[in-house]
Amino acid sequence: MNEEYRQLVERIGALTGAAPPAVLQEDAPVLARTVLRGPPEMYLVGLIGGKDVGKSSVVNALVGQEITARTSHGPGTETVIVYAHEDQARELESLLKREVPGQYQIVSHRIESLRRQVLLDLPDIDSHYDSHMQITRRMLRHMLYPIWIQSVEKYADRRPQELLAQVAAGNAPENFIFCLNKVDQLAPLKDRSAGDQPGGAETAARELAADYANRIARALGLASPPRVWLISAAHPGDHDLPALRELLSRQRGQASVDSSLRSAARQQDLTIARWVARQDLGRRLEETDRLLSAAEAQVADRLAAPLVDVAARRILDDPAYRIALADELMNCRVARWPIVNLVQVLMGPLLSVLRLRLPMQQQRALAGPEELVDVHLSAIGAARQPLGALVQSTFASLHQSSPLMARLYGQNRLWESQAAESAATELRRRLAQAVQQQQEMARRRMASGRLVGALPRLLLTIGAVVWFPFAQPLLEAWLSPGREMLLLAVQLLGVTYLLKNVGFLAIWFTVLWLALKWNTQRKLDRWLATWKQADALEPQLSLAGQVMEWSGQLLEPLRSARRQLADLLEKARSLEMELRGAQPSGGN
């Protein structure tokens, strides 16, 4: 579960900008994931304490030989002193070279019962040398069982307790051992505190131990104070040191080590879970919901509504656009109609004169889709603002209403003129592209003639030219008795007859052209009505649909944040339930 929590923290941090918990920092003095994954070939026990608390003396007393020098002045312990079985030397060498290169010493032994246990004497944690603290912090990432040693003079020091709290965020407190050294120095207090009564020093030591335990409990948030071992390295046979030596001389079994690792992993999960709880995802989700609702209302009222109800409709209702598109479609259509296409050519100058009677702004729209869109987006809304200014003012209001906007729109600050104008340019591009696709679709449909329609077109055009002036009179003469055929031949070559038929054919083809013009305009009106709808079957052709999609993208950072927060909240609750359901591991 630890890895799932880490991923959850990364996602929360990316969304909210919250700094990750200290337990996940690379240099945090907590057990590394490689240790938690276990099972290790060895486990590390380390003595941690400040200067002059007697760590080196305790180490020597525990192992029964002088393996580390005792110092009461100068920089104190400067390197890691390692007491381990000789079979572990190679693996330890690799670990120490990686973590504290050149700052360690390995003392090997052949005690078979301590093959897997490694004892460390670490530099002082309250040293003036930063390198000493860094060495200890790096080794704590591999130390499953820290032994915290304080002396009777320094047990209340704040700095060791701060480090203890950091370590306990990633390791279970039941894996710790707490010692109070130099209790022999309390012997002079016997006369002052208890008169001549025997045990006065022991009573004072127990009182100090209880105070020390209470301080530890407060620092770690424990329900009850932990045990504090009273020891005196100067008198190794007295107090709790013999029992502590006995405890550390018994190597832990694999089951015990595995249980300690599970406890440490659970502690890291609890620490991260508390950090997740402090992020208050539920409140953040409610705040985002409120902001999203306000943003949707403002964008709909100030942007989408005027753009859909006014600008998009005006584009499609623009007389210049409708005339130009109708002419273009008519050209595509009559290209398949012989002779009628000549009527279209003859009508061209008349249509041009009609366009010139349009206002100059609408004539500018004839230049292309971009100009057409620009004409109708130049002033939007009740304030008749340019689109970019309207976007900027809308999001400026939202930005002032909630600090969330600054974080969610950090890469696209729509309350600033440059970003707002960029969004307006994007809408112009979308609408111009939709207009262009409308034109292409209309041309494509008009140009795609079916074979079944070719015969009627030929009959109504070429057939009319053959039938009315020639075929019909010849057929009538052939069906009549007498010399009508000869008379008809003379009439067909007469100027009057020819002019009469030319006039009739002109009327005929003009009627055909008007019929095609009316039918083309009817189809165009039907398409334009469809393109005005936001839920058109072809959204890429709907101007209203493009406006709705564009306005939705303006709110996408908010909607995305809302979706992510809801997902993170659900995931956090799921992990919390799993963590609560997990059985806590047993202690020492």
Considering residues at least two apart in sequence or located in another chain, which fulfil the side chain to side chain donor-acceptor pair (under 3.5 Å) criterion with Arg559?
Glu296
Any side-chain heavy-atom pair from Tyr145 and Arg252 closer than 4.5 angstrom?
yes
Would you check if Ile48 and Ile149 make a side-chain contact, meaning some heavy-atom pair closer than 4.5 Å?
no
Just by distance, with hydrogens left out, do Gln251 and Arg116 show a side-chain donor and acceptor under 3.5 Å apart?
no
With the threshold set at 4.0 Å, does a side-chain nitrogen-carboxylate oxygen contact exist between Arg562 and Glu286?
no
Heavy-atom distance under 4.5 Å between the side chains of Val107 and Val82, does that happen here?
no
Among all residues two or more places apart in sequence or in another chain, which pass the side chain to side chain donor-acceptor pair (under 3.5 Å) test with Tyr104?
Glu93
So that I can tick it off, tell me whether Glu10 and Arg6 are bridged by a salt bridge, with the cut-off set at under 4.0 angstrom between side-chain N and carboxylate O.
no
Going by distance alone, is a donor N or O of one side chain under 3.5 Å from an acceptor N or O of the other, for Ser263 and Gln267?
no
Sequence neighbours excluded, which residues qualify as side chain to side chain donor-acceptor pair (under 3.5 Å) partners of Gln103?
none
Answer yes or no: is there an ion pair linking Arg215 with Asp211, defined by an N-O contact shorter than 4.0 Å?
yes
Show me the donor-acceptor pairs, under 3.5 Å and distance only, between side chains in residues 408-416 and residues at least two apart or in other chains.
from: Tyr409; atom 1: OH; to: Leu554; atom 2: O; distance (Å): 2.6
from: Arg413; atom 1: NE; to: Glu416; atom 2: OE2; distance (Å): 2.9

Are side-chain heavy atoms of Tyr83 and Val118 found at a separation under 4.5 Å?
no
Quick note, side-chain hydrogen bond (donor to acceptor under 3.5 Å, both in side chains) partners involving residues 217-228, not counting sequence neighbours, are none
Among side-chain atoms of Arg302 and Ser393, is any donor-acceptor pair under 3.5 angstrom?
yes
Distance-only polar pair, side chains of Gln254 and Asp258, donor-acceptor under 3.5 Å:
yes
Examine the side chains of Glu86 and His109 and answer whether a donor and an acceptor come within less than 3.5 Å of each other.
no
Donor on one side chain, acceptor on other, Ser260 and Asn175, under 3.5 Å
yes
Tell me which pairs pass salt bridge (Lys or Arg N to Asp or Glu O under 4.0 Å) where either residue lies in residues 131-147, with sequence neighbours left out.
none
How about Tyr212 and Gln150: does a side-chain donor come under 3.5 Å of a side-chain acceptor?
no
Heavy-atom side-chain contact between Arg573 and Glu578 under 4.5 Å
no
